[in-house]
**Q** 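Shown below is the structure under consideration.
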Amino acid sequence: MIVAPSLLAADFLHLDSEVRMVNESQADWLHLDVMDGAFVPNISFGFPVIEAVAKVSQKPLDVHLMTERPEQWTERLAALGATFMNVHIEATRHLHRTVQAIRDAGMRPAVTLCPATPVSLLEDIITDIDMVLLMSVNPGFGGQRFIPETLRKISRLRSLIEASGSKALIEVDGGINHTTAAQAADAGADALVAGTAVFRAADPHAEIAFYHGL
Ligand code: DX5
Ligand code: ZN
């Protein structure tokens with residue numbers, strides 16, 4: 001299983017040591033949650049923080065934009081060295097154009113769905129993208145409970161990917177713990193985002209290793 005610890009749950013006064021912990025762990029990517037106070041009812045961090053983190057991180061950056069019109073940030077994110085740029089389907093008007101722009105900028109395009117957004121909306125874009133991020137909580141906050149309906153969405157998305165011949169990965173974000181991670185893995189997830197579970201664990205390295213081993 002691909003594991004992407006979410007920095008949202010880290011100690012922001014000690015980001016340097018938090019990012020180094022992830023560097024030294026079995027984590028595959030570092031997940032960065034950008035919120036604009038408009039698309040979601042919260043504000044997290046933006047480019048100055050991403051730039052500082054990018055200098056220290058040895059893991060590929062998986063940037064999740066919870067912002068209106070995320071396409072406007074494509075060039076700036078690419079310049080900071082982001083690997084994945086996740087845009088919400090609910091926040092961008094011309095998804096195909098946005099996906100092409102992300103790839104043209106040298107990043108890997110990923111499309112994110114809120115819990116109530118159906119997987120079927122991806123039918124005509126699934127072969128153009130490298131990943132689908134399924135939100136298993138409503139975006140905006142860490143530490144929420146996993147929404148069980150997500151498991152059926154993972155299965156439906158797995159079927160769509162297989163039927164289309166797409167190589168898109170399935171990433172699941174929100175409320176991941178030992179139980180929900182195993183359920184998501186069984187349903188067909190390729191990657192898990194874990195914030196609270198990792199950064200508030202007594203032993204973050206062991207926690208990351210647990211998800212990595214699924
Ligand atoms: C929520 C973010 C998540 C969040 C997950 O809007 O997209 O990445 O950090 O946090 P946990 O793992 O605590 O649910
Ligand atoms: Zn996220």
Side-chain angles (χ1 to χ4, degrees), residues 1-12 15 18-19 21-22 25 27-46 49-50 53 57 59-68 70 73 77 82-92 107-117 130-151 153-154 169-185 189-202 204 206-208 210-212 214:
M1 179 65 69
I2 295 167
V3 186
S6 165
L7 203 64
L8 190 63
D11 177 352
F12 280 22
L15 280 183
E18 298 281 57
V19 174
M21 180 280 290
V22 174
S25 76
D28 298 277
W29 306 331
L30 180 61
H31 185 84
L32 300 179
D33 289 301
V34 179
M35 304 178 189
D36 67 351
F39 180 67
V40 288
N42 199 4
I43 298 174
S44 56
F45 51 77
V49 172
I50 297 174
V53 167
S57 178
K59 306 286 183 178
L61 300 181
D62 174 32
V63 181
H64 176 193
L65 294 176
M66 284 163 274
T67 67
E68 297 287 358
W73 310 120
L77 260 189
T83 296
F84 284 97
M85 177 167 162
N86 293 271
V87 296
H88 271 263
I89 195 170
E90 306 89 355
T92 189
M107 295 180 290
R108 301 185 66 183
V111 176
T112 310
L113 305 188
C114 283
T117 304
D130 287 357
M131 186 158 74
V132 177
L133 174 52
L134 291 180
M135 290 306 304
S136 40
V137 297
N138 282 294
F141 301 91
Q144 302 180 80
R145 281 182 58 179
F146 187 91
I147 297 169
E149 170 61 22
T150 310
L151 298 174
K153 287 180 77 174
I154 297 170
L169 298 168
I170 302 177
E171 183 175 41
V172 179
D173 183 5
I176 291 297
N177 55 38
H178 288 207
T179 305
T180 57
Q183 292 170 335
D190 299 298
L192 299 174
V193 176
T196 308
V198 164
F199 286 99
R200 307 289 159 89
E207 192 71 12
I208 292 167
F210 172 84
Y211 300 119
H212 193 75
L214 287 174

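For reference, positions follow the sequence shown, starting with 1. All ligand and atom numbering here is 1-based and tracks the order in the structure.
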**Q** Would you say the side chains of Asp33 and His31 form a donor-acceptor pair under 3.5 Å?
**A** yes
**Q** Minimum heavy-atom separation for Leu30 and Lys59, please, with both atom names.
**A** N-CB, 4.0 Å
**Q** Starting at CZ of Arg145, measure out to CG of Asn177 and round the result to the nearest 0.5 Å.
**A** 10.0 Å
**Q** When you pair each N or O of ligand 1 with protein N or O atoms, which pairs come out under 3.5 Å?
**A**
| from | atom 1 | to | atom 2 | distance (Å) |
| --- | --- | --- | --- | --- |
| ligand 1 | 6 (O) | Gly140 | N | 2.8 |
| ligand 1 | 7 (O) | Asp33 | OD1 | 3.0 |
| ligand 1 | 7 (O) | His64 | ND1 | 3.2 |
| ligand 1 | 7 (O) | Asp173 | OD2 | 2.9 |
| ligand 1 | 8 (O) | His31 | NE2 | 3.4 |
| ligand 1 | 8 (O) | Asp33 | OD1 | 3.1 |
| ligand 1 | 8 (O) | Asp33 | OD2 | 2.8 |
| ligand 1 | 8 (O) | Asp173 | OD1 | 2.7 |
| ligand 1 | 8 (O) | Asp173 | OD2 | 3.0 |
| ligand 1 | 9 (O) | Ser6 | OG | 2.8 |
| ligand 1 | 9 (O) | Asp33 | OD2 | 3.1 |
| ligand 1 | 12 (O) | Gly195 | N | 2.8 |
| ligand 1 | 13 (O) | Gly143 | N | 2.8 |
| ligand 1 | 13 (O) | Thr196 | N | 3.1 |
| ligand 1 | 13 (O) | Thr196 | OG1 | 2.4 |
| ligand 1 | 14 (O) | Gly175 | N | 2.8 |

**Q** For Phe199, run the side-chain contact (heavy atoms from CB on, under 4.5 Å) check against Asp11, Val22, Leu8 and tell me which one passes.
**A** Val22
**Q** Quick one: pull up CD1 in Ile50 and CG in Leu32 and give me the separation to the nearest 0.5 Å.
**A** 6.0 Å
**Q** Answer whether the closest heavy-atom distance between the side chains of His88 and Thr112 falls below 4.5 Å.
**A** yes
**Q** Would you find a donor on one side and an acceptor on the other, under 3.5 Å apart, between the side chain of Thr83 and the backbone of Asp62?
**A** no
**Q** Is the backbone N or O of Ala191 less than 3.5 Å from a side-chain atom of Glu171, with the two atoms forming a donor-acceptor pair by type?
**A** no
**Q** Which value, rounded to the nearest 0.5 Å, describes the distance between Asp28 atom CG and Ile208 atom CD1?
**A** 9.5 Å
**Q** Taking the Zn ion (ligand 2) as the centre, how many protein N/O/S atoms fall inside a distance shorter than 2.8 Å?
**A** 4
